[in-house]
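As structure tokens, the structure follows; a few thoughts come after it.
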2 protein chains.
Amino acid sequence: MPVPLYQAKAEFFRTLGHPARIRVLELLQDGPRPVRELLAEIDIEASSLSQQLAVLRRTQLVTATRDGNTVVYALSTPDVSELLRTARSILTDMITDQGLLLDQLRADTDADDGGRGADAARPSTDRTLLA
Amino acid sequence: MPVPLYQAKAEFFRTLGHPARIRVLELLQDGPRPVRELLAEIDIEASSLSQQLAVLRRTQLVTATRDGNTVVYALSTPDVSELLRTARSILTDMITDQGLLLDQLRADTDADDGGRGADAARPSTDRTLLA
DNA sequence: GCAGGACTTGAAGAATTGTTCATATTCATA
DNA sequence: TATGAATATGAACAATTCTTCAAGTCCTGC
């Protein structure tokens, strides 16, 4: 096995580790879209979106082609969809299985319960929630 | 708005975005293992591994159970394997399709380095595309 | 009870990544 | 050609994440 493959994998996943980038990939699952449309849906500054698109381009997850005045982005491989699907299923499993559900609820209502629920559900030594 | 689900996804992927953590998950695919063994295979300081394990625990990708003197880690869901498999296939596609091939070849020749090879081989700011 | 091994934790500084703002670039139209 | 819209880039600063090191907890065996 080639040595730094896990290194490449880590970089790859880091690429996905940003809400705007995830958003973009999800939107592109339905087909190519111009920046303008992405921008309309993603609530982020134009230049920030551009930066994130650049990251996706660098890692070749998306392709960009210019069409006159606008630039149209597309997924460079449909495998990405599959990856996102798997990720979602892991996530929803985790959310329903574990107490993270509570966080989700609490985030909506901003209740003030001392923050214990999800932690108590889990046996290991750790007491901080992800935030 | 269904609140930030894509946010959770991003966090989830970020969790995978570290070579040691990927390594751990890959090793755990073959079954539970004590820290000692992970440590033997991962070439990283004990406390650093511990920190990374803590990250994986927090996001509930792994579980830890104490067995006497040692702590045994395991994947908390087999879905993780599937995710890693999909990721690998995307990556290898990308590598063979695109010029990243070079990096891989180069990485193989200086075989025994812990990952700096790939790093050096690939300038992190790569602006070679946007055909 | 205490010594030592196996792990974990906390905290500080280093490194990486994200945001923002100002400026470029590219194209379309007047 | 000048203007303006759409997008990209660079650079400065803020925020997050990593590494390391010095303790800290748990357990086992003496």
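Computed from heavy atoms alone, side chains included, the values below leave out hydrogens, waters and symmetry copies. Chain letters run A, B, ... following the sequence lines, proteins first, then strands; residues in each count from 1.
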Are B/Leu28 and B/Val72 joined in one hydrophobic group, where the rule is that I, L, V, M, F, W and Y side chains link up if heavy atoms are under 4.5 Å apart?
no

Respond yes when some side-chain nitrogen or oxygen of B/Arg58 is under 4.0 Å from OP1 or OP2 of C/dT9, and no when none is.
no

Give me the distances for all protein-to-nucleotides 17-22 of chain D N/O pairs that come in under 3.5 Å?
residue	atom	partner	partner atom	Å
D/dT17	OP1	B/Arg14	NH1	2.3
D/dC18	OP1	B/Arg21	NH2	3.0
D/dT19	OP2	B/His18	NE2	3.0
D/dT20	O4	B/Gln51	NE2	2.7
D/dC21	N4	B/Ser47	OG	2.7

Please give, in whole Å, the distance from D/dT7 P to A/Leu53 CG?
10 Å

Quick one: are A/Leu16 and A/Val80 in side-chain contact, heavy atoms under 4.5 Å?
no

Could you check whether any side-chain heavy atom of A/Leu25 comes within less than 4.5 Å of a side-chain heavy atom of A/Leu75, counting everything from C-beta outward?
yes

Measure from CG on A/Leu56 to P on C/dT17 and round the result to the nearest Å.
14 Å

From the candidates D/dA8, C/dA6, D/dT7, the one with an atom nearest any side-chain atom of B/Asn69 is C/dA6

Any side-chain heavy atom of A/Tyr73 within less than 4.5 Å of one from A/Val24?
no

Is it true that B/Ser76 and B/Gln60 share a donor-acceptor pair across their side chains at a distance under 3.5 Å?
no

In this structure, how many angstroms lie between the P atom of D/dT7 and the CZ atom of A/Arg33, rounded?
13 Å

Between C/dC7 atom P and B/Ile42 atom CD1, what is the distance in whole Å?
13 Å

If you take all heavy atoms of A/Pro19 and B/Ala10, which pair is closest and at what distance?
N-CB, 3.4 Å

Find the distance A/Leu39:CG to D/dA5:P and express it as a whole number of Å.
15 Å

Please determine, for the side chain of B/Ser50, which listed nucleotide (D/dA6, D/dA8, C/dC7) has the closest atom?
C/dC7

If only side-chain N and O atoms of B/Tyr73 are considered, is one of them under 4.0 Å from the OP1 or OP2 phosphate oxygen of C/dA6?
no

Looking at D/dA8, C/dT8, D/dT9, which one has an atom nearest to any side-chain atom of A/Ala54?
D/dT9

Under a single-linkage definition using a 4.5 Å side-chain heavy-atom cutoff for Ile, Leu, Val, Met, Phe, Trp and Tyr, are B/Val55 and A/Phe12 assigned to the same hydrophobic cluster?
no

For atom CG of A/Asp67 and atom C1' of D/dA5, their distance in whole Å
15 Å

